[in-house]
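Notes to accompany the following structure.
As the structure is a prediction and not an experimental result, all values here were calculated from the model.
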Amino acid sequence: MQYDGTGFHGWARQPAVRTVQEELERGLATVLRRNVDLTVAGRTDAGVHATGQVVHCDVPQGVWTEQHAKLVRRLRGVLPPDVVVRSVTEAHPDFDARFGALARHYAYRLTDDPAGSPPLRRTDTVAWPRRLDAAAMDLAAGLLLGEHDFAAFCKRREGATTIRTLLRLSVSRVAEDAGVEVVRIDASADAFCHSMVRSLVGGLIAVGEGRRPLDWPAGLLQRTGRASEVPVAPAHGLTLIDVDYPPDAGLAARTGVTRARRNG
């Protein structure tokens, strides 16, 4: 599924505010004529977008048989324009959108062009006021790869581990339409803790501006708590673009390993 996070207070259902989960559950309840409880691959924060979000829910087989062929089109008729379900499929009994995932992939977009963000990309591209050294940022990013305790870059949640395996963190400068240059940060990990991607981006920006040395972000991995000097990049530059899962035969094992690790 896809959504423009601009008008949402994040994915997770909350009282008195608009969330993606609430909108999608309401739409599904309208179409299926029964309440559903969604499990999501990545609980995005307020203002964060998604083009490759994955969710699952349980419905009776008879309801699925009756509705699945027309479900995408019917959802289009009841969902708001900033939420789109691109496809639906019957999942393996062991599938779990959250705990079964092997990796989540995010992209962060910003531009240091003097004119700012292109008008048609203003909701997902941060206009940065100072020139950035993307090559230096990429070198600093490479030093963060692997399994580490990313406590310095996370907003800690009680009882949750901050150990993660960062599979990819790369920075590139690309020219887009009308010659606008975009600095893109691609981040992939088995999972990300709260605000981790935006904090990693904030640390890399400090390097790109020349305010911090190349090894500064990696040096923070020695911390056991949140590093207050790490800025959190604006939410609207971040998009969840894809989620990886193992083949069906490996789903149960992956879910078991992930649950044990997150509860450890």
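Under the 4.5 Å side-chain criterion, counting only non-hydrogen atoms from C-beta, Leu240 is not in contact with Trp11. In this structure the side chain of Arg86 never reaches within 4.5 angstrom of the side chain of Val72, judged on heavy atoms. Within the 4.5 Å cutoff, side-chain heavy atoms of Met1 are placed close to those of Val83. At least one side-chain heavy atom of Leu24 sits less than 4.5 Å from a side-chain heavy atom of Val85. Put simply, the side chain of Tyr108 does not reach to within 4.5 Å of the side chain of Val171, judged on heavy atoms. At a threshold of 4.5 Å between non-hydrogen side-chain atoms, the residues Val207 and Pro217 count as touching. For the pair Pro80 and Arg18, the minimum side-chain heavy-atom distance is below 4.5 Å. Using a 4.5 Å heavy-atom threshold, the side chains of Val197 and Phe153 count as separate.
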Quick one: side chains of residues 139-150, donor-acceptor pairs under 3.5 Å with protein atoms, not counting sequence neighbours, listed by atom name and distance.
from, atom 1, to, atom 2, distance (Å)
His148, NE2, Leu145, O, 2.8
Asp149, OD1, Ala151, N, 3.0
Asp149, OD1, Thr162, OG1, 2.5

Side chains of residues 36-48: which donor-acceptor pairs under 3.5 Å do they make with residues two or more places apart or in other chains?
from, atom 1, to, atom 2, distance (Å)
Thr44, OG1, Tyr3, OH, 2.6
Asp45, OD1, His194, NE2, 3.4

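When atom types are taken as modelled, the side chain of Arg254 and the backbone of Ala101 share a donor-acceptor pair closer than 3.5 angstrom. Proximity of a side-chain donor or acceptor of Thr239 to a complementary backbone N or O of Ile241 within less than 3.5 Å is not detected. With Asp190 contributing its side chain and Thr165 its backbone, the two residues share a donor-acceptor pair below 3.5 Å. Remark: the backbone N or O of Leu71 is not paired with any side-chain donor or acceptor of Arg74 at under 3.5 angstrom. Side chain of Tyr106 to main chain of Ile185: no donor-acceptor pair is present (N/O by atom type, distance under 3.5 Å, no hydrogens or angles). In this structure, the side chain of His56 engages the main chain of Ala97 through a donor-acceptor pair within 3.5 Å. No donor-acceptor pair under 3.5 Å is formed between the side chain of His92 and the backbone N or O of Ala252. Side chain of Gln21 to backbone of Arg13: a donor-acceptor contact under 3.5 angstrom is found.
Remark: Arg76 CZ is loosely packed, at most 12 non-hydrogen atoms of other residues, nucleotides or ligands lying under 6.0 Å away.
Note that CD of Glu209 is 9.0 Å distant from CE of Met137, once rounded to the nearest 0.5 Å. Atom CG in Leu204 sits 11.5 Å away from atom CG in Asp133 (nearest 0.5 Å). For the atom pair CD (Gln2) and CG (Asp82), the distance works out to 12.0 Å, reported to the nearest 0.5 Å. With values rounded to the nearest 0.5 angstrom, Arg34 atom CZ is found 11.0 Å from Cys57 atom SG. Summarising the geometry, atom CG belonging to Asp124 is positioned 8.5 Å from atom OG1 belonging to Thr6; distances are rounded to the nearest 0.5 Å. Atom-to-atom distance recorded for Arg109:CZ and Asp186:CG is 10.5 Å, nearest 0.5 angstrom.
Side-chain contact of Arg226 with Ser195: a donor-acceptor pair under 3.5 Å is absent, judged by distance alone. Side-chain N/O atoms of His9 and Thr19 include no donor and acceptor closer than 3.5 Å.
A salt bridge is defined here as a Lys NZ or Arg NE, NH1 or NH2 lying under 4.0 Å from an Asp or Glu carboxylate O, and Glu176 with Arg184 fails to meet this definition. At a threshold of 4.0 Å, the pair Glu229-Arg211 does not count as salt-bridged, since none of the basic side-chain nitrogens sits closer than that to a carboxylate oxygen. Between Asp112 and Arg173 there is a salt bridge, since a side-chain N of the basic residue sits under 4.0 Å from a carboxylate O of the acidic one. Taking a cutoff of 4.0 Å between a charged side-chain nitrogen and a carboxylate oxygen, Glu66 and Arg33 do not qualify as a salt bridge.
Nearest heavy atoms, Val180 versus Pro118: CG1-CG, 3.9 Å. Of all the heavy atoms in Ser188 and Phe192, the pair that sits closest is C-CZ, 3.7 Å. Taking all atoms of both residues into account, the shortest heavy-atom contact from Ala152 to Val230 is O-CG2, 4.4 Å. The heavy-atom pair separating Ala127 from Gly116 by the smallest distance is CB-CA, 4.1 Å. Minimum interatomic distance between Cys154 and Met196 (heavy atoms only, all atoms of both residues): SG-CB, 4.0 Å. The shortest non-hydrogen separation linking Phe99 to Asp96 is N-OD1, 2.7 Å.
Each of Val201 and Leu167 belongs to its own hydrophobic cluster when Ile, Leu, Val, Met, Phe, Trp and Tyr are linked at side-chain heavy-atom distances under 4.5 angstrom. Linking Ile, Leu, Val, Met, Phe, Trp and Tyr whenever their side-chain heavy atoms come within less than 4.5 Å puts Val31 and Val20 in one cluster. Placement of Val182 and Leu169 in two distinct hydrophobic clusters is found when ILVMFWY residues are connected by side-chain heavy-atom separations under 4.5 Å, directly or transitively. When hydrophobic clusters are built by joining Ile, Leu, Val, Met, Phe, Trp and Tyr residues whose side-chain heavy atoms come closer than 4.5 Å, directly or via intermediates, Val78 is grouped together with Leu28. Note: the hydrophobic cluster containing Trp216 also contains Leu166 (ILVMFWY, side chain heavy atoms under 4.5 Å, direct or indirect links).
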CA sep, side-chain torsions, deciding dist, call: Arg121, Thr111, side chain to side chain donor-acceptor pair (under 3.5 Å): CA-CA 10 Å; Arg121 301 303 301 261; Thr111 180; over 6 Å; no
Chi angles and distances behind the side-chain contact (heavy atoms from CB on, under 4.5 Å) call for Lys155, Arg198: CA-CA 11 Å; Lys155 292 183 179 179; Arg198 291 165 57 203; over 6 Å; no
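Residues forming a salt bridge (Lys or Arg N to Asp or Glu O under 4.0 Å) with Glu22 (at least two apart in sequence, or on another chain): Arg26.
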